[in-house]
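Scroll down for the structure; my scribbles are underneath it.
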Amino acid sequence: MPSYSVPGKVHLIGEHAVVYGEPAMIAAVGRRCVVSAEKSDKIEIYSADFGSRTYEISEAVDFAKDVQALWKDGLAKKDFSPLFQLMRADKWNFRKAAIGIVLRELGIDGGVSISIKSDIPIGSGLGSSSALSVGLVAAIQAAYGKQLVREQINDLAYKLECINHGTPSGGDNSACCFGGLVWFQKAQPKNIIMPLNEEIPHSIDGFVLLWTGMPERTTGELVQAVRNLDENYRKPRMKEIGQLCYEMKTVLKARNYARMKEIINRNQQLLAELGVSTPTIDRIAEVVRGIGGAAKLCGAGGGGTML
Ligand code: PMV
């Protein structure tokens with residue numbers, strides 16, 4: 001039974017701005033989602049956290065079609081709230097639709113029996129849904145001997161991310177799929193996904209991930225809230241985060257950790273100005289700054305994990 005262990009991720013810098021074409025630096029973390037799959041005549045899902053569900057193949061595939069139609073509609077109307085509502089209505093909806101999409105996209109007629117075990121906290125900015133998306137694609141294609149390469153797994157995982165988040169940047173799934181420290185930037189015709197392990201080979205110690213509470217809003221909702229900001233307010237902040245990201249690469253190569261901390265603190269300030277911080281995160285960031293450290297929220301924000 002093919003089994004894939006996919007890491008979660010943390011944004012060193014660049015979340016939200018990456019949605020607007022700025023670069024981001026994203027690192028894999030030591031928490032993982034393990035997905036195994038084998039052929040079946042049904043869709044069976046065993047989840048260590050949620051229990052189990054069984055669907056007829058046609059049920060999942062038809063649901064996937066409906067969900068993708070809803071996504072297309074959301075894209076045209078620039079409003080994904082009906083899709084987000086459907087995904088929120090039942091925690092199984094994402095899994096059911098995601099598996100249906102993978103089967104459709106890979107032209108698989110049969111079903112799958114899938115087992116999911118994850119220690120990445122959900123909705124916390126650590127890429128739990130991205131790792132699951134990558135794991136589902138990797139395990140299902142392997143169960144049917146499709147031999148997709150990593151780029152193809154990543155591209156299909158992005159489609160699964162879309163039904164969860166609307167129009168995500170693709171940075172999260174790329175970091176989970178490629179691992180290590182990744183430079184990511186949305187681009188046409190192809191996104192830039194550059195492993196930084198050779199440019200920055202040394203380890204950077206002293207990071208701690210801190211849980212600040214369950215976000216009330218999902219990634220998709222937070223991204224939408226940022227999109228709703230006045231463009232003249234949003235744009236310069238996104239540009240600055242992008243510039244800080246370029247500087248971060250130089251600074252990490254030079255092991256200039258004093259400047260690294262300043263960049264992280266400025267990044268947090270800009271994220272707060274974009275409305276995705278919380279009073280708790282602001283307070284923790286202030287305390288950490290006060291003792292000479294640096295702290296920022298991770299991922300979409302609104303709670304979740306801090307770096
Ligand atoms: O909170 P997460 O782990 O889903 O990360 C979201 C990162 C954003 O930049 C806010 C969105 C994106 O699509 O890149």
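Whatever order the structure lists ligands and atoms in, that order sets their numbers, starting from 1.
In terms of N/O distances under 3.5 Å, ligand 1 is approached by A300. Taking distance alone, with nitrogen or oxygen atoms compared against 3.5 Å, D172 approaches ligand 1 more closely than that limit. Not a single N or O atom of T167, backbone or side chain, sits closer than 3.5 Å to an N or O atom of ligand 1.
Taking every heavy atom of P168 and a limit of under 4.0 angstrom, the matching atoms of ligand 1 come to 13 (O). Close approach of ligand 1 to G125 (heavy-atom distance below 4.0 Å) involves ligand atoms 1 (O), 2 (P), 3 (O). Near K9, meaning under 4.0 Å from any of its heavy atoms, are these atoms of ligand 1: 2 (P), 3 (O), 5 (O). Atoms of ligand 1 found under 4.0 Å from any heavy atom of S169, numbered from 1 in the order shown, are 12 (C), 13 (O), 14 (O). Atoms of ligand 1 found under 4.0 Å from any heavy atom of T219 (numbered from 1 in listed order, with element): 1 (O), 2 (P), 4 (O), 6 (C). Proximity to H16 (heavy-atom distance under 4.0 Å) selects the following atoms of ligand 1: 8 (C), 9 (O), 10 (C). Ligand 1 places these atoms under 4.0 Å from at least one heavy atom of E15: 9 (O). Within the listing of ligand 1, atoms 9 (O), 14 (O) sit less than 4.0 angstrom from a heavy atom of V18.
Proximity of I116 to L132: side-chain heavy atoms (C-beta onward) are separated by under 4.5 Å at one or more points. Put simply, the side chain of I13 does not reach to within 4.5 Å of the side chain of I264, judged on heavy atoms.
Contact between G171 and ligand 1 is absent, with no heavy atom of the residue lying under 4.0 Å from the ligand.
Within 6.0 Å of CG in N228 there are more than 12 heavy atoms belonging to other residues, nucleotides or ligands. Counted within 6.0 Å of CD on E199, heavy atoms from surrounding residues, nucleotides or ligands total more than 12; the atom is thus considered enclosed.
Using a 4.0 Å cut-off between charged nitrogen and carboxylate oxygen, R237 and E240 do not count as a salt-bridge pair. Under 4.0 Å is where a charged nitrogen must lie from a carboxylate oxygen, and between E286 and R283 at least one such pair does.
Side chain of S40 to backbone of K42: a donor-acceptor contact under 3.5 angstrom is found.
In this structure, R88 is not positioned above the aromatic face of F84 in the sense of NZ or CZ being under 6.0 Å from the six-membered ring centre and within 45° of the axis.
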